[in-house]
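When a ligand or atom number is given, it counts from 1 through the structure's own listing order. We count residues from 1, following the sequence as given.
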Amino acid sequence: MSTKTLPRRNLRPNGRTWPLIIAALIISGGSAKTTTISILATILALRGYKVRVFDFDQQRNLSHIFCGKHLDDAEFPTIWDLMLDTATLEEVSVPARFRVGDGWDDDAFSEIPNLTLVRGSRHVKNFDTVAAAEPERMLMAWFERVCNTYKGDDDLWLLDLPASLSKLSVSTLLPMTEDDEVLPPVLVTNKEEEDLGYTFEELAEMVEHMTTRSRRPAPTIKNIVMCSTPTSQRKGVEYHETVEAIERQYGDHFTLHKIRYTDVIPRQHRLQATVPAFASSSAPMEDYSKLATALGFNDLEPA
Ligand SMILES: Nc1ncnc2c1ncn2[C@@H]1O[C@H](COP(=O)(O)OP(=O)(O)O)[C@@H](O)[C@H]1O
Ligand SMILES: [Mg+2]
């Protein structure tokens with residue numbers, strides 16, 4: 001008898017061939033986008049979902065954390081090649097890994113099961129210029145093409161988007177429906193409730209601008225993740241005020257989630273390892289695990 005648990009959330013909305021999409025986006029830098037995508041993706045992969053993460057940032061922090069940044073671009077093409085349609089999704093994807101030893105040989109890394117990384121590229125900084133110069137608008141349609149031609153068995157795509165609604169970000173939002181999700185992470189150490197407001201306004205403008213007879217993008221926000229919230233050891237008036245401001249302004253319309261401040265998270269980059277690999281029972285694991293469950297991704301492989 002099969003004991004397979006089914007996901008609570010529909011991973012193929014409307015019977016489409018490509019998976020559910022969750023995109024970390026907020027119009028402000030340094031607001032825990034990469035952190036949220038990297039930890040959430042790992043937790044979901046460990047729960048048995050087949051996850052692919054896309055690194056859209058020219059700094060390639062996500063690719064660094066998942067140990068794909070140092071790989072040779074000629075041997076392992078990047079997301080830029082996927083955008084230009086000179087490589088396939090499989091060709092630009094590598095297994096996500098974490099560092100277990102020194103050096104750059106394969107045995108310095110360990111694979112994270114169920115998790116694939118679409119490698120970032122410095123060239124994505126040219127996206128907007130190239131897209132603007134292109135009469136056929138092929139580049140703007142790159143992600144719609146990737147979605148429409150996908151036939152694989154991924155359960156989820158998680159996108160680590162840039163801190164602006166550039167043409168690059170917009171191109172990824174075009175195929176999104178209400179089932180997909182734009183997930184803004186807000187670092188409460190700044191007065192980021194304002195950035196959240198700009199993000200809402202600009203998304204609405206974007207939809208207006210990009211709607212055609214055959215397409216109406218629907219980048220939808222349902223949840224807001226407040227990151228680095230105060231703990232009993234680490235208090236801060238400013239942090240409390242930001243949390244309260246967000247609760248006041250957005251609490252009625254969105255589900256708010258808290259990820260506590262921790263000095264574990266900033267270690268990810270130097271250690272080249274996702275938090276679950278080196279601090280599996282830390283506070284952020286607890287908080288991001290709760291978030292994963294709240295988003296509808298129950299454990300498919302119960303212990
Ligand atoms: N819960 C948290 N506790 C402490 N530091 C955090 C937390 N979440 C994120 N950070 C730190 O905040 C900084 C910005 O996060 P990052 O994910 O790189 O942002 P972005 O991708 O939006 O630029 C990083 O140094 C990260 O380690
Ligand atoms: Mg980032």
Side-chain angles (χ1 to χ4, degrees), residues 22-43 53-69 78-79 96 98 117-122 124-125 127 158-166 168-169 172 182-196 198-199 202 221 223-236 238-240 242-243 246 256-292:
I22 297 182
L25 171 74
I26 182 165
I27 316 281
S28 65
S31 61
K33 293 182 293 296
T34 301
T35 301
T36 298
I37 291 296
S38 63
I39 301 178
L40 192 58
T42 314
I43 290 174
V53 289
F54 292 68
D55 185 357
F56 287 94
D57 189 345
Q58 53 174 298
Q59 286 181 24
R60 299 172 291 160
N61 290 340
L62 189 72
S63 300
H64 177 80
I65 291 169
F66 286 133
C67 306
K69 181 169 144 186
T78 67
I79 199 163
F98 59 96
L117 164 74
V118 174
R119 296 181 64 232
S121 164
R122 280 178 299 162
V124 296
K125 66 175 182 289
F127 187 98
L158 263 52
L159 318 184
D160 184 12
L161 291 182
S164 72
L165 264 191
S166 59
L168 172 56
S169 300
T172 68
V182 171
L183 185 66
V186 184
L187 206 64
V188 303
T189 47
N190 297 304
K191 40 153 198 41
E192 284 198 28
E193 74 271 15
E194 282 177 22
D195 296 326
L196 214 37
Y198 298 138
T199 304
E202 291 200 20
I221 299 177
N223 296 276
I224 294 170
V225 194
M226 296 189 282
C227 298
S228 207
T229 57
T231 62
S232 49
Q233 288 90 42
R234 190 182 157 101
K235 304 187 175 73
E238 172 61 28
Y239 307 173
H240 279 290
T242 305
V243 169
I246 292 171
L256 307 180
H257 307 269
K258 283 186 188 165
I259 310 292
R260 282 167 284 174
Y261 166 83
T262 163
D263 52 12
V264 167
I265 285 179
R267 301 282 295 147
Q268 285 200 124
H269 199 85
R270 185 173 303 282
L271 296 179
Q272 272 196 292
T274 174
V275 168
F278 67 91
S280 60
S281 53
S282 56
M285 283 299 293
E286 212 176 286
D287 296 344
Y288 276 111
S289 296
K290 266 193 214 162
L291 174 66

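- For the pair Arg267 and ligand 1, no heavy-atom separation below 4.0 Å is found.
- Screening Thr172, Val124, Leu168 for a side-chain contact (heavy atoms from CB on, under 4.5 Å) with Pro162, the sole residue that qualifies is Leu168.
- The one candidate from Ile265, Val275, Thr42 that meets the side-chain contact (heavy atoms from CB on, under 4.5 Å) condition with Tyr288 is Ile265.
- Counted by atom type alone, Asp55 and Ser63 present one or more donor-acceptor pairs between their side chains at under 3.5 Å.
- Near Arg260, meaning under 4.0 Å from any of its heavy atoms, are these atoms of ligand 1: 1 (N), 2 (C), 3 (N).
- The protein atom (non-hydrogen) at minimum distance from atom 23 (O) of ligand 1 is Gly30 N, 3.0 Å.
- For the 3.5 Å distance criterion, the side chains of Ser28 and Tyr198 fail to qualify, holding no donor opposite an acceptor.
- Judged by the shortest distance from any of its heavy atoms, Asn61 lies outside the 4.0 Å radius around the atoms of ligand 1.
- When distances to the Mg ion (ligand 2) are checked against a cut-off of 2.8 Å, Asn61 contributes no N, O or S atom below that limit.
- Between the choices Val188, Thr35, Ile65, Leu62, the shortest heavy-atom distance to atom 17 (O) of ligand 1 belongs to Thr35.
- For the pair Asp287 and Arg260, the salt-bridge criterion is met [side-chain N within less than 4.0 Å of a carboxylate O].
- The heavy atom nearest to atom 12 (O) of ligand 1, out of those in Asp57, Val225, Leu187, is found in Leu187.
- When each of Gln268, His269, Lys33, His64 is checked for a side chain to side chain donor-acceptor pair (under 3.5 Å) with Ser38, only Gln268 meets the rule.
- Remark: distances from the non-hydrogen atoms of Ser31 to ligand 1 include one below 4.0 Å.
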